[in-house]
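Just so you know, these numbers use all the heavy atoms, side chains as well, and skip hydrogens, waters and symmetry mates. All residue numbers refer to positions in the sequence shown, counting from 1.
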Amino acid sequence: MPKTRNETSGQRGPSKKRKADSEIDKPKKASSRLKQTESFVARRTQSKAKLSMLPSLSLDILFEIFSHLSPIDLIHLARTTKDFRRLLMQRNTTTIWKSAFAQIQELPQCPSDMSYPAWAHLAFEPVCHNCFTTNIRNISWILRTRLCNRCAKTCLENVDKFDADKNEVDKDILECVPFDDDYCGMECCLESDRKRFVEELEAHKHDRKDFVEQRMTEIPVRIDHAIDCEDWSESLANGRANELQQIRIDRRNAISAKLFEMGYDKELDFLTAERLEDVEHSDYVPFHKHPLVKQPKLFKDKNWDSMKDTLRDYMEIVRAYIKRKERKDLIWKRREYAALAWFDYRMVECDPGTFLPNQIDIWLWSPVKDIIEQPSEIEVTKDSFEHAFRGLPAFTNAWQTDKLEQLVRVANNNLKWLSFPEANDLERATCVFSCSNDFQHNLMGCYQEDESCIMWFPEFIYHRCNSLSRRRWGDKDETITDLDSCQSLSAESEASGFRRRQWSTRWLFFDDKASRTVKNILTACRMPLSTRVQHLDREDPRLVCLKCSFGAKCDGERVFSVMTWRTAVQHNLKKHFGDGQTTFQRISSLDALEAKRLEAAEPARRISALPNHPQQPIDRPWRCTLCRDRSVEKGALTLAEMRKHYTKCHDGKVAIEEGVDYYRSYDRAPSQPYQVRMKPRDPDVDPQPGPMYIAAI
């Protein structure tokens, strides 16, 4: 390509910009320059549009401008230049301050002993009056000061410092110097006010009485003014809070409208319902508390682009949570159907009071669990479990066997002197369990203060701690972790805040001391160690403690406390701390008959002899069959209470039958009679004569 003349000569050709300028007509170029000149002048004018010429204005104009400012604006203006300070702090400018204060609605009048600038400084400027720390909202209207916590320690004097009984000056100070009842956590006055008053008091030596009386009359006026100021300040704060709240509401509504346009209408309705119900959780912050929503700033469309992505991510989190919640609610609804189906099956197929799983164990049974966890599109009702329940007999038998084996393992892990190889051995009288959940016992009122939590078969199987738990305690051994949210598992009849849980041996342990005590009792009764609890209860022997008599046996002359075998175990655990060397002696059958007669009469005798002494608790051995494991279960009842319960809660049914409508509560031990004091004879020498009875103490 041949070079041009400019290129060969080394000279640069005309630039594109110059060519463009050369192609523009001259009139058009003049017009462009005119516009540039006008914009430059405008910029110069804007840059010089300041208040530097304000002091040069006439006083009339300045006064008219200043009269429209607020008191705090006048304070700030007075601090800008010396000329403005000199002008605004003169007494002849009072009208300006009055006009400024007149704009503040309901503000009490400026006190007569304060200037308008000082009054504005106190009412509107949130700074410490001593160290000028900013953002101090703690104001005392009667002391007329604002102090930070640090300055309050040095500028205030506690009322306890003054003793009116011993010092006349202190008495005058307490009567004439203003005190705040509760400022910075104490009743106090300003140290400066106290010093000023003392100086004035010394200056009025000749008319001290009149001076004190005058100052005393000023205090009630100052108190009334302070009360008015507190009311105004509170109303001002409430008005500002309402204004900010309305701004937040408008901002929330505007953002909601934007999100509605993006297709989050369902999520917004859900968040609104949560806000009305005051629901909070850890998955996300409530919508009205979101950092971008709760700001007390007016919403502007130009700011939407900067927050849109953040709020979209937030709404996606809410959408995912709603989906999980709907699935969770559906699962719980299906569990309720499974529980109802189980209750109906149990009423027909199982004997009342039988050791059976509760609804939680049924939910975890594989056939039922598979039905519950079916996809959400499949409809599940109570009838859906009918086919699965055909395998319930085998499941309940396996469940019972598994729980009994757990008890055998617990016993064998703690046994030191014998073993229980089979589940049937749990029925031995020497098989004694205790529960370590004493706190829960106190809440449920299971045992008296002098009674140990020892249990024999079948009490430790039906013990309430095995199947009950307190809400919000998060038992770690439970398979289903959100049982607290299910109201149908409530067990409020036992104690407030209780619910049902999976059956567990978590709190049970084998009581070796009680077991050794039973061994000694069986030895005294000449019964084998394999004796069952039912056999020992039918035998119902009466015993005396030989440790209490220092080894002396019954001889017809010595006074003994005669007790049942269960009471004897409690006696050894309490009186002798479960000593394994404690021995007992069984009294003769004739003495036992007399002891039972005395036991029957003992409650009435104690009531007459010791009317204020605590009596035996009422025995409540029955539970309702229809209410078993339900939230409406009333707990253990007397027979009279059971009849009243059926009349009120079960269609007024009057004729109720044991084993059908109600069953024995096996979690409670049989009620034991009082101990009686008597002189039993030696059962090996002379078992025939009757005993000698001694009045119980």
Side-chain angles (χ1 to χ4, degrees), residues 346 349-358 361-362 365 391-436 452-467 502-541 564-566 568-570 573 578 580 586 621 623 628 658-659 663-670 672:
R346 188 180 61 190
E349 302 295 338
C350 303
D351 294 332
T354 307
F355 180 46
L356 294 172
N358 61 17
D361 297 293
I362 296 298
W365 182 37
L392 269 177
F395 167 71
T396 54
N397 291 335
W399 183 88
Q400 292 169 353
T401 302
D402 176 64
K403 303 310 175 186
L404 295 178
E405 288 178 353
Q406 290 183 28
L407 290 168
V408 171
R409 288 194 294 270
V410 172
N412 289 328
N413 290 338
N414 295 272
L415 276 173
K416 299 179 181 179
W417 59 279
L418 78 162
S419 62
F420 298 122
E422 298 180 359
N424 291 334
D425 294 326
L426 295 174
E427 300 183 24
R428 291 184 182 183
T430 52
C431 183
V432 191
F433 283 86
S434 288
C435 180
S436 60
S452 300
C453 176
I454 52 176
M455 297 169 286
W456 288 268
F457 184 88
E459 299 151 27
F460 52 75
I461 295 179
Y462 293 89
H463 184 55
R464 306 306 288 171
C465 293
N466 298 347
S467 56
Q502 290 176 260
W503 193 95
S504 172
T505 60
R506 175 183 179 183
W507 302 103
L508 292 181
F509 66 94
F510 187 83
D511 197 321
D512 185 68
K513 291 182 178 180
S515 181
R516 290 179 183 273
T517 303
V518 176
K519 173 189 173 184
N520 296 338
I521 291 174
L522 293 175
T523 302
C525 296
R526 300 173 183 175
M527 302 174 71
L529 294 181
S530 60
T531 301
R532 309 285 177 174
V533 177
Q534 295 85 345
H535 183 198
L536 195 54
D537 281 335
R538 286 196 302 269
E539 191 72 16
D540 197 17
T564 64
W565 73 272
R566 291 177 184 262
V569 179
Q570 292 278 1
L573 293 176
R586 180 179 182 179
R623 291 184 181 271
R628 181 179 177 180
E658 180 184 353
Y663 63 95
R664 181 169 292 278
S665 178
Y666 293 112
D667 62 289
R668 295 170 177 262
Q672 300 299 302

**Request:** Please answer whether the main-chain N or O of Arg506 pairs with a side-chain N or O of Ser504 as donor and acceptor at a distance below 3.5 Å.
**Result:** yes

Sorted by chain and residue number, the side chain to side chain donor-acceptor pair (under 3.5 Å) partners of Arg532 (sequence neighbours excluded) come out as none

- Query: Is there a donor-acceptor pair under 3.5 Å between the side chain of Ser436 and the backbone N or O of Trp507?
  - Reply: yes

Residue set satisfying salt bridge (charged side-chain N to carboxylate O under 4.0 Å, His left out) with Glu539, at least two apart, ordered chain then number -> Arg586

Which of Val569, Thr430, Asp537 passes side-chain contact (heavy atoms from CB on, under 4.5 Å) with Trp456? It is Val569

Pair Arg623 + Glu658, salt bridge at N-O below 4.0 Å: no

Rounding to 0.5 Å, atoms CZ (Phe433) and OG1 (Thr505) come to a distance of 8.5 Å

So OG of Ser530 and CG of Asp425: to nearest 0.5 Å the spacing works out to 9.0 Å

Across all chains, not counting sequence neighbours, the side chain to side chain contact (heavy atoms under 4.5 Å, CB included) partners of Pro621 are Asp619, Arg664

Across all chains, not counting sequence neighbours, the side chain to side chain contact (heavy atoms under 4.5 Å, CB included) partners of Ala429 are Val518, Val533, Leu536

Across all chains, not counting sequence neighbours, the salt bridge (charged side-chain N to carboxylate O under 4.0 Å, His left out) partners of Arg526 are Asp684

Contacts of Phe355 meeting side chain to side chain contact (heavy atoms under 4.5 Å, CB included) (sequence neighbours excluded), chain-then-number -> Trp399, Gln400, Lys403, Ile461, Tyr462, Trp503

Side chain to side chain donor-acceptor pair (under 3.5 Å) filter on Asp402, not counting sequence neighbours, yields Gln406

The reported gap from CZ in Phe460 to CG in Leu407 (rounded to nearest 0.5 angstrom) is 6.0 Å

Contacts of Lys513 meeting side chain to side chain contact (heavy atoms under 4.5 Å, CB included) (sequence neighbours excluded), chain-then-number -> Asp511, Leu573

Note: Ile454 and Ser434 closest approach over all heavy atoms is CG2-OG, 3.5 Å

State whether the side chain of Thr531 and the backbone N or O of Met527 hold a donor-acceptor pair below 3.5 Å, judged by distance alone. no

Sequence neighbours excluded, the answer for salt bridge (charged side-chain N to carboxylate O under 4.0 Å, His left out) partners of Glu427 is none

To the nearest 0.5 Å, atom SG of Cys431 lies from atom CG of Leu529 at 13.0 Å

ask   = For the side chain of Asn358 and the backbone of Asp361, is there at least one donor-acceptor N/O pair under 3.5 Å apart?
value = yes

Sorted by chain and residue number, the salt bridge (charged side-chain N to carboxylate O under 4.0 Å, His left out) partners of Asp351 (sequence neighbours excluded) come out as none

Taking every heavy atom of Pro352 against every heavy atom of Tyr663, the minimum-distance pair comes out as CB-CB, 3.8 Å

- prompt: Quick one: does Ser515's side chain have a donor or acceptor within less than 3.5 Å of a partner on Val432's backbone?
  reply: no

Taken in chain and number order and not counting sequence neighbours, the residues that satisfy side chain to side chain donor-acceptor pair (under 3.5 Å) with Arg628 are none

Residue set satisfying side chain to side chain donor-acceptor pair (under 3.5 Å) with Glu405, at least two apart, ordered chain then number -> none

- prompt: If only atom types and distance count, is the side chain of Asn397 paired as donor or acceptor with the main-chain N or O of Ala394 below 3.5 Å?
  reply: no

In this structure, SG of Cys435 is separated from CG of Asn466 (nearest 0.5 Å) by 7.0 Å

